[in-house]
Amino acid sequence: MSHFGRYAGALLLGGALIGAFPPYDLWFVAILVPAAFALLVRGQSMKRSALMGYLFGAGFFVPLLDWTGLEVGPVPWLILALFEALFFIPLAMGLTLVQRLPGWPVWTAAIWVADEAMRGRIPYGGFTWGKLAFSQADSPMLSLASLGGSPGLSFAVALTGGLLAWVVVERRLWLRVAAVAVAVGVVVAPLLVQPMESDGDTLTVAIVQGNVPSEGLDYNNRARAITNNHVEATERLAADIEAGRVERPDVVLWPENSSDISPYHDAETYRAIDEAVRAVGVPVLVSAIVPTEDERNVRNTSILWDPETGPGDTYVKRHPMPFGEYIPFRSIAERITEAVAQQPRDHLPGESVGIFQIGDAVIGNVICFEVAFDGVVRDAVREGGQFLSVQTNNATFGRTEMTEQQLAQSRVRAFEHGRTVLVSALAGVSAVVAPNGEVLDRAELFTQDVIVTEVPLAGGTTLATTLGAWPEWALTAMALGVVAFVIVSERRASRRGDGAGTPDEPRPTVEAGVS
């Protein structure tokens, strides 16, 4: 294949990878694309692999993140997508290097995990959208998340792809058959893993989706109307309870940004929320944007509002999103795009884990994009969360694929931690996700709805919750170690003059055996 053909192939493969994610949900594409990409960079020089990696990343992220353009405009969207594509440069170079070793499908899978680990941490706390694991909500491999977390699931997906790629280059029939058998086993065997069982106790929860007055960013100018929508929906729930049409819940969940006007600073907002909570007669987990003491910045705050004592315990979002909720290098960003003016005040991060006590039950709470970060969700479970609440505002992104992609992340988290996940969305999609990742109930986009559900409480922990980040660190160390080994070995061989070449030069791979 010509160099141009490889470059075009890298770009097309990156675009094809989005087929594994909602709304397409072709989970097997996340296996086939890494397999094809490994073959594409096989035997190439580091410079050519680096370019192919970047083209692959651009082909993937530009269409995957198109929904960000609705909030920040086309220029920041493209900057974000093309910046994230940079992370595929070391991925491609690593894939090229380790294919020179025996057992390379294992090493290629470890490199995928290492690359996702790096991308999920730098810069500004990282960006995890597009992890292979998040494409597997409908996959038979989903249950692997309960064993090794999302990194373990990504590893399994990439390993299966590596094995299929190995079948293409391996000449010995019995090894090709063995590789196919192992790949099938990695895909099918997880069906035997069952989700963690609950403790037997339940909690009745109502999810209120109040909806917004209009689609698009204009709804932000009508914050009081949004709060009133949630007040009205909650008061109708109260009327249904009194009429015996629905069971009285133990707690009510409102979504992120259900009160963009701080109830601590605005008497009308306080009164409206308080009256709705008193009407329903149970605690309501409200979400508000609360200014800091100097009012220069704000905090994205969950507030447990009691019908008798008013606002009580709070949780401040620990992982606000750069350029969405705060602007790094604001003075520079303002020169690039006027969209910065849409976020005039930065959201400051909280420090405490999102835990709320409701009688004897404990809610583990995260806010919006936090569901995509392993540590934030895991902390909520480790601190005692018996089910997970995800308060989110997807109204900004209209009817784009973002909403379904985020719901898929919640489905992975459900199996990963053996918890029911309740998604409370401002304008949809609110949903009830069972511990096995199945969506039991949902409210559709841009509708006003209330979901009342019986939530099983879980107190145990999965292996993934117990192990925490250790599988990810171990696989990352493995990847870095094997890459370093290849580089050092080939440089030593080059100095000895045996013609092995250097990592910067194309090197023929040995086709016989596991190469």
Side-chain angles (χ1 to χ4, degrees), residues 10-11 13-14 16-18 20-21 29-42 44 46 48-62 64-65 80-101 104-136 145 148-162 165 372-375 409 412 469-487 503:
L11 190 66
L13 280 175
L17 185 55
I18 67 171
F21 297 84
V29 170
I31 296 173
L32 299 178
V33 168
F37 188 59
L39 295 174
L40 193 68
V41 300
R42 181 177 173 82
Q44 300 303 299
M46 290 298 97
R48 287 199 291 270
S49 289
L51 180 54
M52 284 187 280
Y54 187 71
L55 291 171
F56 179 91
F60 177 50
F61 279 117
V62 169
L64 183 75
L65 302 180
L80 173 63
L82 296 177
F83 175 81
E84 291 298 320
L86 292 170
F87 286 95
F88 282 84
I89 293 176
L91 170 71
M93 295 171 69
L95 294 179
T96 299
L97 284 172
V98 301
Q99 287 188 73
R100 301 170 185 176
L101 293 176
W104 58 261
V106 176
W107 316 133
T108 58
I111 285 172
W112 273 96
V113 174
D115 198 74
E116 290 184 348
M118 177 173 60
R119 184 164 63 84
R121 288 172 172 80
I122 57 175
Y124 313 119
F127 188 74
T128 59
W129 217 267
K131 289 178 70 171
L132 292 180
F134 294 151
S135 67
Q136 300 298 297
S150 69
L153 181 53
S154 286
F155 178 81
V157 174
L159 174 62
T160 307
F373 290 89
D374 294 350
Q409 294 166 6
V412 172
W470 283 107
E472 183 177 40
W473 289 124
L475 291 168
T476 298
M478 178 193 302
L480 296 176
V482 74
V483 167
F485 173 79
V486 174
I487 293 173

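Remember, predicted model here, so these are calculated numbers, not experimental data. Heavy-atom basis, side chains included; hydrogens, waters and symmetry copies ignored.
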**Study point:** Residue pair Phe485, Leu101: steps toward the side-chain contact (heavy atoms from CB on, under 4.5 Å) verdict
**Key:** CA-CA 10 Å; Phe485 173 79; Leu101 293 176; 3.9 Å; yes
**Study point:** Working for side-chain contact (heavy atoms from CB on, under 4.5 Å), residues Glu472 and Thr476
**Key:** CA-CA 6 Å; Glu472 183 177 40; Thr476 298; 4.3 Å; yes
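Residue Ala133 comes nearest to Ser150 through the heavy atom pair CB-O, 3.3 Å, listed as atom of the first residue, atom of the second, then distance. Across Gly53 and Ala92, no two heavy atoms sit closer than the pair CA-CB, 3.5 Å. Shown here for Pro151 and Asp374, the closest heavy-atom pair between the two residues is CD-OD2, 3.5 Å. In terms of heavy-atom proximity, Leu153 sits nearest to Ala145 at CD2-CB, 4.3 Å. Closest of all the heavy-atom pairs between Leu132 and Ser135 is O-OG, 2.6 Å.
For the side-chain contact (heavy atoms from CB on, under 4.5 Å) test, residues two or more places apart in sequence or in another chain that qualify with Leu51 are Tyr7, Leu55. In this view, Phe155 satisfies the ring pair (Phe, Tyr, Trp, His ring centres under 6.0 Å) rule with no residue, not counting sequence neighbours. Under the rule for a side-chain contact (heavy atoms from CB on, under 4.5 Å), the partners of Pro90 that lie at least two apart in sequence or sit in another chain are Asp115, Met118. By the side-chain hydrogen bond (donor to acceptor under 3.5 Å, both in side chains) test, Gln409 is found to be paired with no residue, residues two or more places apart in sequence or in another chain being considered. Annotation: side-chain hydrogen bond (donor to acceptor under 3.5 Å, both in side chains) contacts of Ser49 (sequence neighbours excluded): Thr96. Residues satisfying the ring pair (Phe, Tyr, Trp, His ring centres under 6.0 Å) criterion with Phe21, sequence neighbours excluded, are Phe60. Judged as a ring pair (Phe, Tyr, Trp, His ring centres under 6.0 Å), and not counting sequence neighbours, the contacts of Phe373 are His319. Residues passing the side-chain hydrogen bond (donor to acceptor under 3.5 Å, both in side chains) test with Ser154 are Glu116, sequence neighbours excluded. For Trp470, there are no side-chain contact (heavy atoms from CB on, under 4.5 Å) partners at least two apart in sequence or on another chain. For Val62, the side-chain contact (heavy atoms from CB on, under 4.5 Å) partners two or more places apart in sequence, or in a different chain, are Trp77, Leu78, Ala81, Leu82.
Arg119 contributes a side-chain N or O that, together with a main-chain N or O of Trp129, makes up a donor-acceptor pair within less than 3.5 Å.
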Tell me which donor-acceptor pairs under 3.5 Å the side chains of residues 33-40 have, and how far apart each pair is, sequence neighbours excluded?
none

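Two residues are said to be in side-chain contact when any heavy atoms from C-beta on lie closer than 4.5 Å; Val482 and Met478 fail this criterion. Residues Met46 and Ile487 form no side-chain contact, since every pair of their non-hydrogen atoms from C-beta on lies 4.5 Å or further apart. Between Leu86 and Tyr54 there is a side-chain heavy-atom pair separated by less than 4.5 Å.
If you run side chain to side chain contact (heavy atoms under 4.5 Å, CB included) between Thr108 and each of Leu95, Val41, Leu97, Leu159, only Leu95 comes through.
The six-membered or imidazole ring of Phe61 lies near that of Phe88, with a centre-to-centre distance under 6.0 Å.
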